[in-house]
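Keep in mind that the numbers below use all heavy atoms, side chains included, and drop hydrogens, waters and symmetry copies. In what follows, every chain begins at residue 1, and chains take the letters A, B, ... in the order their sequences are listed.
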2 protein chains.
Amino acid sequence: MTSKPRETRRSRGRPRDRALDREHVLSAAVTLLDREGPDALTMRRLAAGLQVSPMALYNHFDSKKDLLRSVAEQLVGQTQFSSGHEDWRERIRFCFRRLRSVILAHPGAVRLMESLEQAPLAVFSPMEVTLAALETAGLTGEPALRSYFLLTNFTMGQVSYEVRGPFKALDPARALASGHLRGEGFCHIEAAAQFEHWDFDAAFEFGLSTIIAGSPTDHALRKNSSNLQSTQFPIGPTPIRFA
Amino acid sequence: MTSKPRETRRSRGRPRDRALDREHVLSAAVTLLDREGPDALTMRRLAAGLQVSPMALYNHFDSKKDLLRSVAEQLVGQTQFSSGHEDWRERIRFCFRRLRSVILAHPGAVRLMESLEQAPLAVFSPMEVTLAALETAGLTGEPALRSYFLLTNFTMGQVSYEVRGPFKALDPARALASGHLRGEGFCHIEAAAQFEHWDFDAAFEFGLSTIIAGSPTDHALRKNSSNLQSTQFPIGPTPIRFA
DNA sequence: ACCTGAACACCGTTCAAGT
DNA sequence: ACCTGAACACCGTTCAAGT
């Protein structure tokens, strides 16, 4: 796993080639997560991959929780959420497209992040970018926080849904078998199930646009939503895709 | 744990008072989840609470996964998402307020549901209600699905954030210590941290209203968003609270 | 300071056995 | 048909010991 030889390049005489350091452990953890999923990311298997005793990890991390949080931290912490777009709307779109992209690039990271009870600090970077963008649009204080809240919760919710494979459970036969949809039937769901290919990118862009258009900015308050028609549907540039 | 004596009341002679049935196990699982959280919900502890061998549970559930999914199923399956409101907007609000409420009433259910790889069938009940409501507003097909998607992802995202205690990690000192917010500083977050009481109910209602107002219904398309000002901010009736 | 091996208290689940 | 106890292959983590 990550056979990078780890040249010990600081102060050549003494430091004793230690087998581990945080960075090395974290990169091994990410590749383990990517290859075998979040359930495989255990202290013992990670240590085995590093050819080290399980207890060696505890010299660099307080606990498994600490390690998992650090993995999440590293993933979102190394991505750039700010951009130079003039339009504050584009800055917000860029930010959340990036957030979605990092996580989709590491599908196991979704369940990992959901399992954390403390969010990693790095998630505050998108928050800062968004609040700054909204401020230039004249939106501050609690209303701005609510818009940020709406954006981030929608994004994380969609990504979570997306990574799980959305309609895996949408088999009408299964739905029929259970008695849960008794009252209202489920004819609309049956109709919906016919969309066999669901365009997540478009759904995501729709969500962003809807939320941005719905933010009570100065602009929106003064001109009585003159550009509603144009900001509601535009799909914009295609979202960032990872290689 | 749930000392209900379980009168065996069907066909009095024969059926042998079996120690367990699905319903009994599930109710014990819910109380265990509520009292000690999702991590405590193990097969062994659940069995111990029921004074039964761990393996006895496997006569009623295929696996732990099956049991956990059934717990989620029971929680959201027993709530009524449809209502008789005339306004389709109110029907949608009612539906998602209910969804939020059930889950908030069992905070451990958030991590539980996030840990499932297959969603329980019962989550399709809100879907059916929403698609039906949107249809009366003239919205069908893929646009309707997108609006549903936006609503449910926002709701689940907010609930998840809400249950975790949102600003637990928003200590500016911690944020300063890490180098992650180097580029842009984090003055906006610092300002935001001053809101020491965050109104989740209001944030949720704002989200619902924004999404509903942003749905491209017949109505919105014909009248050029005449009621935008009034539908964007209204908080509406107070959300459902559980006893 | 960093790593190890043995040990402890837990997991989910298989299996053979009981009724 | 339903339940049990013993056993297996795993966990995270403590601890005493090595260098």
Original post:
What string of B, S and - do you get for nucleotides 12-19 of chain C, 5' to 3', when a contact is any protein heavy atom under 4.0 Å?
Top reply: BBBB----
Original post:
Whole-Å distance between dA1(C) C1' and Asp21(A) CG?
Top reply: 14 Å
Original post:
Aromatic ring centroids of Phe149(B) and Phe154(A) under 6.0 Å?
Top reply: no
**OP:** Cation-pi check, Arg97(B) to Phe204(B): give yes when NZ or CZ is under 6.0 Å from the six-membered ring centre and within 45° of the ring axis, no otherwise.
**Re:** no
**OP:** Grab the CG-C1' distance between Leu50(A) and dT4(C) for me, whole Å please.
**Re:** 15 Å
Subject >> Atom-pair distance (CG on Leu67(A); C1' on dC11(D)), nearest Å >> reply: 15 Å
Original post:
Do Arg22(B) and Ser70(B) have side-chain N/O donor and acceptor atoms under 3.5 Å apart?
Top reply: yes
Subject >> Expected output: side-chain Glu73(B) to main-chain Leu121(B) donor-acceptor under 3.5 Å >> reply: yes
Original post:
Is a side-chain donor-acceptor pair under 3.5 Å present for Arg164(B) with Ser160(B)?
Top reply: yes
**OP:** Could you tell me the separation between the CG atom of Asp39(A) and the C1' atom of dC11(C), rounded to a whole number of Å?
**Re:** 13 Å
**OP:** Quickly work out the His24(B) NE2 to dC2(D) P distance and round it to whole Å.
**Re:** 15 Å
Original post:
Within the structure, does a side-chain N or O atom of His60(A) lie under 4.0 Å from either OP1 or OP2 of dC3(C)?
Top reply: yes
**OP:** Grab the stems for DNA chain C, please: at least three consecutive Watson-Crick or wobble pairs, both distances below 3.5 Å, written as range with range.
**Re:** C:4-8 with D:12-16, C:12-16 with D:4-8
**OP:** Determine yes or no for a side-chain-to-main-chain donor-acceptor pair under 3.5 angstrom, with Glu128(A) supplying the side chain and His188(B) the backbone.
**Re:** yes
**OP:** For the pair Thr152(A) (side chain) and Tyr148(A) (backbone), establish whether a donor and an acceptor sit closer than 3.5 Å, ignoring hydrogens and angles.
**Re:** no
Original post:
With distance as the sole test, does Arg100(B) use its side chain to make a donor-acceptor pair with the main-chain N or O of Val159(B) at under 3.5 Å?
Top reply: no
**OP:** Report the distance from atom CD of Gln51(B) to atom P of dC2(D), rounded to the nearest whole Å.
**Re:** 21 Å
Original post:
So, for Ala29(A) and Val71(A), which heavy atoms are closest and what is the spacing to 0.1 Å?
Top reply: CB-CG2, 3.7 Å
**OP:** Take the protein atom CZ of Arg22(A) and the nucleotide atom P of dC2(C), then report the distance between them rounded to whole Å.
**Re:** 13 Å
